[in-house]
Asks: 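This is the structure, below, for whatever I ask next.
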Amino acid sequence: MREIIRPTILMCPPDYYGIEYEINPWMNRDTPSDSARSMQQWQTLHDLLRELNVKICLMDPVKGLPDLVFTANAGLVWKNKIFLATFRHPARQGETPIDNAWFTANGFETITLPVGLNFEGAGDALFCGDTLYGGYLVRSDASSIQWLGSELNCRAIPLQLVDDRFYHLDTCFCPLDATSAIYFPHAFDDYARRALQQIPLLIEVNEKEAARFACNAVVVGRHVVLNEGCPLLEASLSKHGFIPHSTPLDEFLKAGGSAKCLTLRLDGEEAAT
Ligand code: ARG
C-alpha cells in the first residue's frame, strides 16, 4: 500500500514569547503581548492546522528567546537538509544553536551559509514552482539567495524589499501553488515587482490587509490559514478555488509576525515543484 504522507509543520509554543526588544517597526516594548491571549491564539492556530490533517512537530521553548516561536526563521528546509538562519540582529542569534540541535536530533543534515552572509530562513526564501524567491536588504543578503540557488541548482530570484514594515519576504509574498501566489506590490522595488509578475496568477493584497499580515498565510493543499480581518483576500482566494480559514493572531502582530511565521513546513512546501 502506498504510504500517505501528511503535511508536517514545526511549531514552538509561546511560553516565553514577548516584546523584549525592537528590531522591526511593529515591535514596541510599550505595547507588550498578553501571555494568556498569545497562548490561546497559538493553540487555536495549532488546532486548526491539526484539523487540516497537518502533523505538528514541537520544539521546546527557551527562556530568553522570545522570537523562537517564529519557527519560519529557523532555516530553509530542502528534503532532509536545513540551511540554518544566520540572523542579522544579535537578539535572535541565540536561536540558531537551538534550531541546529533540534534538526540534528530529528535526522536533518544542518548546513550553515558561508561566514558573513545573513539569511533568515523561510521568512526570506520561498519556492514557487521551481524558482526560489528571496527577500533581501532588510534582513537577508541578496548573496545568500544566490548562494542557495547554486547550492540547490535552481533558479533563484532576489527580490528587494523597500518597506521596513514588510521586512521579511513572507510578510508580503505567499506562494499558493506552483503557478499562483499572493503579494503586496508596494513592498517591492520595480524590478522585484516585474519578476513576481511572471507568476501566472498573482493575487494582490491592499495596504490595509497587508498591514494585517494577509500575505503571512500558511498553505496546506488548497487550504489557506491567515490572520482575521482580511475579508478581501479571503474573497479572492475563494474565487480562485482556495479555502480560506481565518484565526485571530493579533498578539503576534505585535512582534511583526502572523500565521506563516509561526510555522515551518518540514516536508517541503506544496508550492514547490
Ligand atoms: N520579531 C521577529 C523579528 O523581527 C518576528 C519574525 C517574524 N517572522 C517571519 N518569518 N516573518 O525577527
Side-chain angles (χ1 to χ4, degrees), residues 9-14 16-33 35 38 41-42 45 59 61-62 64-77 82-96 98-99 118-127 132-141 144-145 159 161 163-175 181-184 187-188 205 210-219 225-227 249-266 269 271:
I9 282 178
L10 175 66
M11 294 182 76
C12 172
Y16 304 110
Y17 166 67
I19 315 300
E20 293 178 15
Y21 44 79
E22 296 169 6
I23 56 171
N24 67 52
W26 305 92
M27 301 177 91
N28 179 345
R29 269 168 292 192
D30 297 332
T31 317
S33 54
S35 335
S38 312
Q41 294 187 349
W42 182 91
L45 172 67
M59 176 183 279
V62 176
L65 296 176
D67 278 337
L68 195 64
V69 288
F70 298 117
T71 50
N73 296 120
L76 173 68
V77 175
I82 177 156
F83 294 90
L84 291 167
T86 44
F87 286 98
R88 181 167 304 269
H89 295 289
R92 293 200 67 183
Q93 289 167 359
E95 295 177 30
T96 304
I98 308 292
D99 294 329
N118 285 124
F119 173 60
E120 299 203 354
D124 265 335
L126 297 167
F127 275 103
L132 180 65
Y133 292 92
Y136 74 93
L137 206 61
V138 193
R139 296 290 183 85
S140 301
D141 294 315
S144 302
I145 306 306
L159 304 168
L161 303 177
D163 180 336
D164 272 0
R165 291 174 302 159
F166 303 100
Y167 58 95
H168 276 143
L169 182 62
D170 70 359
T171 64
C172 47
F173 174 63
C174 175
I182 305 168
Y183 86 140
F184 175 55
F188 299 95
V205 163
R212 301 278 308 153
F213 271 45
C215 299
N216 199 250
V218 185
V219 181
V225 178
L226 74 167
N227 187 25
L249 289 163
D250 49 290
E251 286 302 325
F252 297 97
L253 233 63
K254 294 175 181 172
S258 191
K260 171 73 176 201
C261 308
L262 293 166
T263 65
L264 181 64
R265 190 74 184 251
L266 297 177
E269 295 280 351

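Bear in mind the structure is a predicted one, so any value in this text is a computation, not a measurement. We count residues from 1, following the sequence as given. Counting starts at 1 for both ligands and their atoms, in listed order.
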Asks: When you compare ligand 1 with A255, is there at least one nitrogen or oxygen pair between them that comes in under 3.5 angstrom?
Replies: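 Yes, at least one N or O pair falls under 3.5 Å.
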Asks: Counting non-hydrogen protein atoms only, what is the nearest one to atom 8 (N) of ligand 1? Give residue, atom name and distance.
Replies: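 The closest one turns out to be N73 OD1, 2.9 Å.
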Asks: R92 to ligand 1: N or O pair under 3.5 Å?
Replies: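 Yes, R92 has an N/O under 3.5 Å of an N/O on ligand 1.
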Asks: For Y21 and D67, does a side-chain donor sit closer than 3.5 Å to a side-chain acceptor?
Replies: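 Yes, a side-chain donor-acceptor pair sits under 3.5 Å.
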Asks: Is the closest heavy-atom distance from Y167 to ligand 1 below 4.0 Å?
Replies: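 In this structure, Y167 qualifies as a contact of ligand 1 - some heavy atom is under 4.0 Å.
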Asks: Can you list the atoms of ligand 1 that are under 4.0 Å from a heavy atom of N24?
Replies: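 Numbered from 1, ligand 1 contributes 1 (N), 3 (C), 4 (O).
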Asks: Applying a 4.0 Å heavy-atom criterion (strictly less than), which segment of M27 is in contact with ligand 1: side chain, backbone, both, or neither?
Replies: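 The side chain, only.
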Asks: Starting from atom 10 (N) of ligand 1, find the nearest protein heavy-atom neighbour and note its residue, name and distance.
Replies: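 Here the nearest protein heavy atom works out to D170 OD2, 2.8 Å.
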Asks: Flag the pair Y17 / F252 as yes when their ring centroid distance falls below 6.0 Å, and as no otherwise.
Replies: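 Close enough - the centres of the two rings lie under 6.0 Å apart.
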Asks: Considering heavy atoms of the protein only, find what lies nearest to atom 2 (C) of ligand 1 and give residue, atom and distance to 0.1 Å.
Replies: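 I find the closest protein heavy atom is D67 OD2, 3.2 Å.
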Asks: Evaluate the side chain to side chain contact (heavy atoms under 4.5 Å, CB included) criterion for residues F188 and L169: first the C-alpha distance (whole Å), next the side-chain angles of each, then the deciding distance (0.1 Å), finally the verdict.
Replies: CA-CA 9 Å; F188 299 95; L169 182 62; 3.6 Å; yes
Asks: For atom 9 (C) of ligand 1, grab the closest protein heavy atom and report residue, atom and distance to one decimal in Å.
Replies: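 In this structure, atom 9 (C) of ligand 1 has C261 SG, 2.9 Å as its nearest protein heavy atom.
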Asks: Should R139 be listed as contacting ligand 1, given a heavy-atom distance under 4.0 Å as the test?
Replies: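 So R139 counts as touching ligand 1.
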Asks: My understanding is that only residues two or more places apart in sequence, or in another chain, count here; which of them pass ring pair (Phe, Tyr, Trp, His ring centres under 6.0 Å) with F184?
Replies: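 Residues passing ring pair (Phe, Tyr, Trp, His ring centres under 6.0 Å) with F184: F166, H186.
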Asks: Any nitrogen or oxygen of T171, side chain or backbone, less than 3.5 Å from one on ligand 1?
Replies: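 N/O-N/O distance under 3.5 Å: no.
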Asks: Can you sort out the partners of Y16 under side chain to side chain contact (heavy atoms under 4.5 Å, CB included), two or more places apart, ordered by chain and number?
Replies: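 Y16: side chain to side chain contact (heavy atoms under 4.5 Å, CB included) contacts with P61, K63.
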Asks: Are D141 and R88 within salt-bridge range, i.e. N to O under 4.0 Å?
Replies: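 R88 and D141: salt-bridged.
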Asks: Answer yes or no: is there a side-chain heavy-atom contact under 4.5 Å between I98 and L65?
Replies: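 Sidechains of L65 and I98: in contact.
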